[in-house]
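For ligands, and for the atoms within them, numbers begin at 1 and follow the listed sequence.
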Amino acid sequence: MDPEQRQLKLHFIPYPAPGHLIPLCSIATLFAARGHHVTVITTPSYAQILRKSSPSLHLHVVDFPAREAGLPDGVEIMSASTDLESASKFHRATMFLRVPIVRFLEQHPPDCVVADFVFSWVHDLANTLRIPRLAFNGFSLFAVTAMESVKSHPEIHSDTGPFVIPDFPQHITVSSRPPKTATAFLERLLGTEIKSDGLIVNNFVELEGEEYIQHYEKTSGHKAWHLGPACLVTKSGDDRGEKSVMSENECLSWMNSKQAKSVVYVCFGSMCRFPDKQLYEIACGLEQAAHGFVWVVPEKKGKENESEEEKEKWLPKGFEERNAEGGLIIRGWAPQLLILGHAALGCFLTHCGWNSTLEAVTAGVPMVTWPVAGDQFYNERLVTEVRGIGVEVGATEWKDVGYGEREKVVSRDSIEKAVRRLMDGGDEAEEIRRRAQEFRHKAMQALQEGGSSHNNLSAVIAHLTRFRDPR
Ligand SMILES: *[C@@H]1O[C@H](CO)[C@@H](O)[C@H](O)[C@H]1NC(C)=O
Ligand SMILES: *[C@@H]1O[C@H](CO)[C@@H](O)[C@H](O)[C@H]1NC(C)=O
Ligand SMILES: *[C@@H]1O[C@H](CO)[C@@H](O)[C@H](O)[C@H]1NC(C)=O
């Protein structure tokens, strides 16, 4: 840091769900690495992890009010909720965090507060304290821009089927329409976010595309700084708040026994739970595609006294025996970065959560896209149509959340076809693979000296310094 320049004091307030919290804390370490004083406000269990993984961060710990919201003690992370009721209790609990956080900020006002956009009340607090507020939401700016466009065209909800994103830099057709309820919640949050002093984005300029950044800055009237990919900042696999059920060594030795680019990795993130019927279809699709696979299935709690057979009815009879050699099922959390980075990996069947998408991009792995909820249907367009680093499985059911009943099932034939498009060779697959590699290099360069994310970090620091020390 320039010795003339007084250190900035920054407070980061992440939302306690893995997809939000992990990338924002990685970004916080970037500011600390430039010599600024960074405090992360978080709950005890995550503080414990950060203390080890990111010693450059200061921590302010607030208790998680699980019991006040009717949750069992010890619940602190969003992915612990697998139904709507516990998810809304969880959300209520996070809203109780407001009181202790406000108190802390009033007593220790920083030069800038960087908060997850779910904590929209930080807006008023920052105004009262007269400090700039930057917002973070864990989405790509591409998705935010699409959401903003949809927000000003409510007629989109009055029909079903694919739609063209209105007032968008490019002609993009999304395969399904956002459900009205989830959208209303998001739109409220985005409405406050747009009034912030700027946006911190976990992405890099080259993947986003200058045209989308310009469009966003023009329509929102503030800047968006691209500082990612966060997954390249902190690489340690253990920073995610959950332990893998399979050790890295076990997983590594399994992958090592496979040929280059021969394995399909299947994982739908920490928040998605498919019904048995859909899991069964995935199993059949994988078997028909006839390539090796690593398939991550969230651990099933099972009902009380449910027999093993009952619990496992989502698997076709004899599936595991038939695929003992070529397939690996991981029940629970998996060492994703290790799998994505392995030479044996051929493609990633993903729900297109932004965190997972970026991890695939930085590993240079082509994707089969299967969006489910949230921003995922927009991310699918960016990955397939706009950047050409993946192919669609053909999902058309956009849900409020990743779990619960579903009307449609993606068929085994669609799964087989999409996987084969990437795994059976041919010109199209080669071209997609080449572009995926190209974006991997661009991602690495972005964070290096002179790269776009490195420059954007300098720019946001200069911006905040000017704000604090006006000439
Ligand atoms: C998100 O990214 C981090 C690294 O930044 C990674 O460790 C983690 O597995 C990813 N996935 C989720 C769901 O948090
Ligand atoms: C489960 O089994 C135990 C012991 O057999 C029994 O006491 C209990 O009532 C059963 N619970 C349910 C929900 O059936
Ligand atoms: C981020 O970096 C890009 C490419 O280097 C640059 O064009 C853009 O102006 C930067 N954005 C901000 C907000 O400084």
Side-chain angles (χ1 to χ4, degrees), residues 1-2 5 8 10 12 23-24 26-36 38 110-117 123 126 131-149 168-170 190 192-233 354 357-358 361-362 379 382 386-387 389 435 438-471:
M1 187 168 56
D2 181 350
Q5 191 190 343
L8 284 167
L10 303 149
F12 280 71
L24 187 56
S26 300
I27 286 171
T29 65
L30 289 173
F31 286 87
R34 296 272 182 108
H36 298 283
V38 179
D111 296 318
C112 169
V113 53
V114 186
D116 194 290
F117 83 138
H123 178 68
I131 48 178
R133 171 184 75 106
L134 303 183
F136 174 80
N137 60 29
F139 299 143
S140 64
L141 199 67
F142 180 87
V144 174
T145 308
M147 289 172 190
E148 282 294 332
S149 300
F168 212 52
Q170 265 176 294
L190 287 175
T192 313
E193 172 179 283
I194 230 122
K195 291 187 245 155
S196 70
D197 299 287
L199 202 59
I200 296 283
V201 188
N202 177 21
N203 194 9
F204 56 104
V205 169
E206 291 79 2
L207 182 61
E208 200 77 82
E210 302 264 6
E211 66 271 45
Y212 292 102
I213 300 175
Q214 278 162 17
H215 182 82
Y216 176 82
E217 293 188 342
K218 206 171 76 203
T219 50
S220 74
H222 66 214
K223 288 201 184 306
W225 288 281
H226 283 67
L227 306 182
C231 57
L232 282 177
V233 178
W354 186 244
T357 303
L358 261 187
V361 169
T362 55
N379 298 340
L382 182 65
V386 182
R387 299 288 165 237
I389 52 177
R435 273 195 298 264
E438 193 179 302
F439 277 101
R440 184 174 92 91
H441 290 299
K442 288 182 174 162
M444 310 277 189
Q445 280 166 0
L447 282 163
Q448 280 158 18
E449 180 117 35
S452 59
S453 295
H454 191 274
N455 287 346
N456 273 215
L457 181 62
S458 307
V460 67
I461 289 170
H463 179 86
L464 294 174
T465 307
R466 269 197 308 276
F467 197 95
R468 185 191 59 188
D469 312 322
R471 298 276 140 95

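Annotation: the span from Phe136 atom CZ to Leu227 atom CG amounts to 9.5 Å, rounded to 0.5 Å. Atoms CG and CD, on Asn455 and Glu449 in that order, are 8.5 Å from each other to the nearest 0.5 Å. Note: Asp111 CG to Arg468 CZ = 4.5 Å, rounded to the nearest 0.5 Å.
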Which N or O atoms of ligand 3 sit under 3.5 Å from a protein N or O, and how far apart is each pair?
residue: ligand 3; atom: 2 (O); partner: Asn456; partner atom: ND2; Å: 2.2
residue: ligand 3; atom: 11 (N); partner: Asn456; partner atom: OD1; Å: 3.3
residue: ligand 3; atom: 11 (N); partner: Asn456; partner atom: ND2; Å: 3.2

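In this structure Phe204 satisfies the ring-ring contact (aromatic ring centres under 6.0 Å, His included) test with no other residue, sequence neighbours excluded. Here Asp197 pairs with nothing under the salt bridge (charged side-chain N to carboxylate O under 4.0 Å, His left out) rule; sequence neighbours left out.
For residues 447-470, the pairs satisfying ring pair (Phe, Tyr, Trp, His ring centres under 6.0 Å) are Trp225-His463, with sequence neighbours left out.
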